[in-house]
Amino acid sequence: MADFNLTSSDLSTFILMGIPGLEVAHIWISIPFSMLYVISLLGNSMVLFVVGKEQTLHKPMYLLLCMLALTDIAMSTSVIPMTLCIFWFNLKGITVGGCLTQMFFLHMVSIMQSAVLVTMAFDRYVAICNPLRYATILTNLRIVKLGLVGLIRAVLLILPLPLLLSRQPFCANHIIPHTYCEHIAVVKMSCGDTTVNRTYSLVTAFVVTGLDLTLVALSYSLIIRAVLRISSKKALNTCTAHICVIMTSFTLFFFSTLTHRFGKHITVQVHIILANLLFLIPPILNPIIYGVKTKELHDKLVKYTCRR
């Protein structure tokens, strides 16, 4: 207790509490968390390895899949290792700069992943609606450029969050009842006026997500119209993996965001566990979904897995 009081009095340090009220169970909660994290790393690393090794997979669709795998790895790694340090070693201290950096990266990667999902929807639209022009419209270089645009968009949209918070005065109590530096959790510790911070984060989250979902919905409405014209279910089957990934990612995002902001009757323990699962479940499911639904990738994964 003495160490805790000493640390919390340091104005340059925040204290991440983990899951308040479940401190005794931290070591047990860490078991499924660590197992899920390792599985997500192995799955996404395997996708990156196979696509990198196989020349036949050096196509726009698989480059996008590699981008998705990288965002999955970055998203879970920005949160879970620190969470496990809290659970295993009781390392709860984090500098203000470190806290704002973590917050920037995890929110930036989330928006980057959303951009990748939109680009994947556009890829499927071109492949089905303009198959003869696919090779000229979506080259590997163009996919890389679209990825860079998505990265720049994410950085520019999220950078104001830590910059605005860095100017805020923080109260003497630097205790964050969470496993990581989530934006709203840090905002709640400020003693100043946080109206701009709250408004900007909420508008950014819903405008970006709403815009991206609209673009995805538009792409698939055009895809469905094209499929109905040619009466080919096989063409639509090529989109099932992407649809499953979108439903998983956006459903969990909206559920976690809405319960965190408006779920007053949901306990803080449930909020925190749900927030952590948001960084674990999609990175596990995405390589499984694409590994099962995409035959070419599935065959290559089986080849390398069986060989080893």
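Counting begins at 1 with the first residue of the sequence.
Taking the six-membered ring where the residue is Trp, the centroids of Tyr180 and Phe279 are separated by under 6.0 Å.
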### Task
Given ring pair (Phe, Tyr, Trp, His ring centres under 6.0 Å), test Phe170 with Phe14 step by step and report yes or no.
CA-CA 10 Å; Phe170 292 104; Phe14 289 155; 5.3 Å; yes
Inset, instruction - Please lay out, stage by stage, how His271 and His178 fare under the test side-chain contact (heavy atoms from CB on, under 4.5 Å). - result: CA-CA 9 Å; His271 278 305; His178 215 301; over 6 Å; no
Derivation and outcome, side chain to side chain donor-acceptor pair (under 3.5 Å), residues Glu296 and Tyr62: CA-CA 10 Å; Glu296 193 174 3; Tyr62 298 103; 3.2 Å; yes
What's the verdict on side-chain contact (heavy atoms from CB on, under 4.5 Å) for Met17 and Glu23, showing C-alpha distance, side-chain angles and the deciding distance? CA-CA 8 Å; Met17 290 298 295; Glu23 288 85 357; 3.9 Å; yes
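Counting all heavy atoms, side chain and backbone alike, Met108 lies closest to Val155 at CG-N, 3.9 Å. For the residue pair Gly98 and Thr95, the shortest heavy atom distance occurs at N-OG1, 2.9 Å. Across every non-hydrogen atom of Gly210 and Thr214, the tightest pair is O-OG1, 2.7 Å. Nearest heavy-atom pair, His26 versus Ile19, reported as atom, atom and distance to 0.1 Å: NE2-N, 3.1 Å. Smallest separation of non-hydrogen atoms from Gln168 and Asn197: NE2-OD1, 3.5 Å. Closest of all the heavy-atom pairs between Gly291 and Leu301 is CA-CD1, 3.8 Å.
Side-chain contact check for Ile143 versus Met67: some heavy-atom pair is nearer than 4.5 Å. Between Cys181 and Leu100, every side-chain heavy-atom pair lies at or beyond the 4.5 Å cut-off. In this structure the side chain of Leu68 reaches within 4.5 angstrom of the side chain of Tyr290, judged on heavy atoms. Here the side chains of Val149 and Lys145 are not in contact, with every heavy-atom distance at 4.5 Å or above. At least one side-chain heavy atom of Asn44 sits under 4.5 Å from a side-chain heavy atom of Pro283. Between Pro60 and Asn140 the shortest side-chain heavy-atom distance falls below 4.5 Å.
Side chain of Ser221 to main chain of Leu218: a donor-acceptor pair is present (N/O by atom type, distance under 3.5 Å, no hydrogens or angles). Between the Ser34 side chain and the Ile31 main chain, a donor and an acceptor come within less than 3.5 Å of each other. A donor-acceptor pair is defined here as one N or O able to donate and one able to accept, closer than 3.5 Å; no such pair exists between the side chain of Glu54 and the backbone of Lys300. His174 places a side-chain N or O within donor-acceptor distance of the main-chain N or O of Thr13, the cut-off being under 3.5 Å. Of the possible polar contacts, one joining the Thr136 side chain to the Arg133 backbone as a donor-acceptor pair under 3.5 Å is found. Between the side chain of Ser166 and the backbone N or O of Leu163, at least one donor-acceptor pair lies under 3.5 Å. Counting only distance, with no hydrogens or angles, the side chain of Asp123 and the backbone of Leu138 share no donor-acceptor pair below 3.5 Å. Asn286 contributes a side-chain N or O that, together with a main-chain N or O of Pro282, makes up a donor-acceptor pair within less than 3.5 Å. Although no hydrogens or angles enter the test, the distance criterion places a donor-acceptor pair under 3.5 Å between the side chain of Gln102 and the main chain of Ser78.
Side-chain N/O atoms of Thr83 and Tyr37 include no donor and acceptor closer than 3.5 Å. In the model, Thr179 has a side-chain atom that pairs as donor or acceptor with a side-chain atom of Asn276 under 3.5 Å.
Remark: Asp212 engages Arg153 in a salt bridge, criterion side-chain N to carboxylate O under 4.0 Å.
Under a cut-off of 6.0 angstrom, the local environment of CZ in Phe105 is sparse, with at most 12 non-hydrogen atoms contributed by other residues, nucleotides or ligands.
Linking ILVMFWY residues whenever their side-chain heavy atoms come closer than 4.5 Å, directly or via other members, places Leu280 and Ile27 in the same cluster. There is a path of hydrophobic side-chain contacts, each under 4.5 Å, that joins Leu64 to Ile288.
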